[in-house]
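Because only heavy atoms are used, hydrogens play no part in the values below, and waters and symmetry mates are left out as well, while side chains stay in. Residue numbers run from 1 in the order of the sequence given.
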Amino acid sequence: MVPRYARPQMSAIWEAENRFRIWFEIEAHATDALAELGVVPQSAAKALWAWWATNPKIDVAAIDAIEAVTKHDVIAFLTWVAEQVDAAGYVGEARFMHQGMTSSDVLDT
């Protein structure tokens with residue numbers, strides 16, 4: 001986004017933290033659907049939303065650090081979320097995110 005052409009409201013849409021929030025909601029809704037189909041445990045979907053309800057701060061720097069190792073933006077994000085969900089007491093539940101999905105399913109949505 002070219003700063004001189006961008007209004008603050010438009011720039012905010014494309015900020016990393018907002019992008020990751022959108023990614024989380026896509027992943028969590030997909031996990032809900034998979035839980036309804038019986039593909040993943042209901043507890044996984046509930047754990048994701050329970051963690052999200054705490055209004056977590058998205059640590060962009062931590063996600064970027066993971067991406068420097070993994071060389072993949074979505075894997076870095078998913079890894080960070082899993083660490084946070086585990087730390088919140090829902091150990092192992094985040095592993096059900098992204099099942100049957102590709103990165104394009106998240107990015108294109």
**Request:** Report yes if the side chains of I58 and W80 come closer than 4.5 Å at any heavy-atom pair, otherwise no.
**Result:** yes
Solution key, residues 28-40 side-chain donor-acceptor pairs under 3.5 Å, sequence neighbours excluded:
from	atom 1	to	atom 2	distance (Å)
T31	OG1	E27	O	2.8
D32	OD1	W49	NE1	3.2
D32	OD2	W49	NE1	2.8

**Request:** Evaluate the ring-ring contact (aromatic ring centres under 6.0 Å, His included) criterion for residues W51 and F24: first the C-alpha distance (whole Å), next the side-chain angles of each, then the deciding distance (0.1 Å), finally the verdict.
**Result:** CA-CA 11 Å; W51 171 72; F24 176 83; 5.4 Å; yes
**Prompt:** Mind checking whether D59 and I63 have side chains closer than 4.5 Å, heavy atoms only?
**Reply:** no
**Message:** If you apply the rule side chain to side chain contact (heavy atoms under 4.5 Å, CB included), what do you find for M97 with V85, and how did you get there?
**Reply:** CA-CA 11 Å; M97 277 191 324; V85 172; over 6 Å; no
**Cluster overlap V74 with I22, hydrophobic side-chain contacts below 4.5 Å** = yes
**Prompt:** Going from CZ on F96 to OG on S43, what distance comes out if it is rounded to the nearest 0.5 angstrom?
**Reply:** 6.5 Å
**Asked** Is it true that a side-chain atom of D86 and a backbone atom of G92 form a donor plus acceptor pair closer than 3.5 Å?
**Response** yes
**Message:** One pair to check against side chain to side chain contact (heavy atoms under 4.5 Å, CB included): E15 and V60. What are the steps and the verdict?
**Reply:** CA-CA 10 Å; E15 287 180 356; V60 175; over 6 Å; no
**Asked** Looking at W23, is R21 sitting on its ring face, NZ or CZ under 6.0 Å from the six-membered ring centre and within 45 degrees of the normal?
**Response** no
**Side-chain heavy atoms of W52 within contact of E25, under 4.5 Å** = yes
**Complete:** Closest non-hydrogen contact found for I75 with T70 is CG2-CG2, 4.0 Å
**Asked** Side chains of D73 and L107: closer than 4.5 Å at any heavy-atom pair?
**Response** yes
**Prompt:** What distance separates L48 CG from Q84 CD, expressed to the nearest 0.5 Å?
**Reply:** 12.5 Å
**Request:** Spell out, as yes or no, whether a donor-acceptor pair under 3.5 Å connects the side chain of D108 to the backbone of D105.
**Result:** no
**Request:** For residues A76 and I66, report the shortest heavy-atom separation together with the two atoms involved.
**Result:** CA-CG2, 3.5 Å
**Request:** With rounding to the nearest 0.5 Å, note down the distance linking CE in M10 to CZ in R7.
**Result:** 9.0 Å
